[in-house]
Amino acid sequence: MYSVAVIENDERAAAELVRMIEASSLASRLMFAGMRHVTSTASGASSAAADAPGSETSVRVESGPIPGGGSASDAALLRVTDLPDILFVDVKLDHGANGIELIHRLIPAAAPVQVIYVSAYLEYAPAAYHTRHTWFLSKPVDPAELDAALTRAVAALDAERSEPLLVHQGSALVRIAPHQVRYVESDRRKVRIHERDRVIETYARISDLEARLPKQFARCHKSFLVNLAFVSELHGRELILASGERLPVSQRCRKSLADRLVAFIGRSL
């Protein structure tokens, strides 16, 4: 699953874009918990509304200068503390802010973020090519174009996560090939990576490994991450691998695991 966020100064436009993403052919591959729109408030106004419970889907931008000499547009992205996998950015924001300049200033060129610009002003398109981005969508957004942009972004993320990983094992650096990994289990501060013919133990969080592994890895339990390519059977609260190994399936994970397994195999009877 890949996380998505939206930086948009028009709440209705942000909501419409979210609706279109939810209706796209890639919706099952995306998480919407990080969806945000940019709103503008008067300088010096109380921030209580922005910090209130349930307001995490909004990014609040002050109209005046922010501490440290940054601009209001900087504040928009700085409030997005965890960069998403896919970021939709409106090019023309409030107070003369420019989404392309925002990306150029605040997101490192090597950051694994798929940036998709959205704008009704096509004259900004040439400037977009001075930043690393996936697509430039014109408003009103065409569903087919949105699907094409998301397809390219997801393909790039899939390719990136399929690349070998390096993990520390004691004083050594060990190369991990994701397609060789059967499952990963967490034990307190350590994880054990079970490959076909070896087990690598390292200090890491299972959630960090989950974020770096390709789409065929799914959580079956809070302490287990399984490679769906090695799954033979999902039976009740147990997952049986082709090797005969059995992994626990938590009630919380079972439905999403079953959905992911069907999507991975491509069909069910």
Remaining members of the apolar cluster that contains Tyr203, side-chain heavy atoms under 4.5 Å: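 The other cluster members (ILVMFWY side chains, heavy atoms under 4.5 Å, direct or chained): none.
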Whichever hydrophobic residues join Val181 through chains of side-chain contacts under 4.5 Å: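 Direct or chained contacts put Val181 with Leu165, Val167, Val174, Ile176, Val184, Val191, Ile193, Ile200, Ile206, Leu209, Leu213, Phe217, Leu225.
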Hydrophobic cluster membership, Leu26 vs Ile21, 4.5 Å side-chain cutoff: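 They do share one cluster, since a chain of ILVMFWY contacts under 4.5 Å joins Leu26 to Ile21.
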ILVMFWY cluster, Leu257 and Phe230 together (side-chain gap under 4.5 Å):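 No; Phe230 is not reachable from Leu257 via cluster members.
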Between atom [atom1] of [X] and atom [atom2] of [Y], what is the distance when rounded to the nearest 0.5 Å?
X      : Y      : atom1 : atom2 : value
Arg237 : Arg246 : CZ    : CZ    : 15.5 Å
Arg182 : Ser243 : CZ    : OG    : 5.0 Å
Leu150 : Phe88  : CG    : CZ    : 4.5 Å
Leu234 : Arg254 : CG    : CZ    : 4.5 Å
Ser138 : Glu145 : OG    : CD    : 7.0 Å
Cys253 : Arg260 : SG    : CZ    : 10.5 Å

In plain terms, say whether [X] and [Y] are close enough for a salt bridge, that is, a side-chain N and a carboxylate O under 4.0 Å apart.
X      : Y      : answer
Arg205 : Asp208 : yes
Arg19  : Glu16  : yes
Arg219 : Glu210 : yes

[X] and [Y]: which non-hydrogen atoms are nearest, and at how many Å?
X      : Y      : answer
Gln169 : Glu201 : NE2-N, 3.3 Å
Pro164 : Pro178 : CA-CD, 4.1 Å
Met20  : Leu146 : CB-CD2, 3.6 Å
Val6   : Ala14  : CG1-CB, 4.4 Å
Ala149 : Leu137 : CB-CD2, 4.4 Å

Looking at side-chain heavy atoms only, is the closest gap between [X] and [Y] below 4.5 Å?
X      : Y      : result
Val4   : Asp85  : no
Phe224 : Pro248 : yes
Val113 : Ile86  : no

From CA spacing to verdict: side-chain contact (heavy atoms from CB on, under 4.5 Å), Val231, Leu239: CA-CA 7 Å; Val231 173; Leu239 200 59; 3.8 Å; yes
Arg192 atom CZ, neighbour heavy-atom count above 12 within 6.0 Å: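 Enclosed.
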Intermediate values then yes/no, side-chain contact (heavy atoms from CB on, under 4.5 Å), Lys139 and Asp90: CA-CA 10 Å; Lys139 292 182 179 180; Asp90 191 3; 3.3 Å; yes
Report all side-chain donor-acceptor pairs from residues 151-158 shorter than 3.5 Å, counting only partners two or more places apart or in another chain.
| from | atom 1 | to | atom 2 | distance (Å) |
| --- | --- | --- | --- | --- |
| Thr151 | OG1 | Asp147 | O | 2.7 |
| Arg152 | NH1 | Thr134 | O | 3.3 |
| Asp158 | OD1 | Tyr2 | OH | 2.5 |
| Asp158 | OD1 | Arg29 | NH2 | 2.9 |

Donor-acceptor pair, side chain of Thr202 and main chain of His168, under 3.5 angstrom: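 Side chain of Thr202 to backbone of His168, a donor-acceptor pair under 3.5 Å: yes, one is there.
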Plane angle bin for Tyr183 and His194 - parallel if under 30°, tilted between 30 and 60°, otherwise perpendicular: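 His194 and Tyr183: parallel rings.
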Chi angles and distances behind the side-chain contact (heavy atoms from CB on, under 4.5 Å) call for Leu241, Ser232: CA-CA 5 Å; Leu241 306 189; Ser232 175; 5.9 Å; no
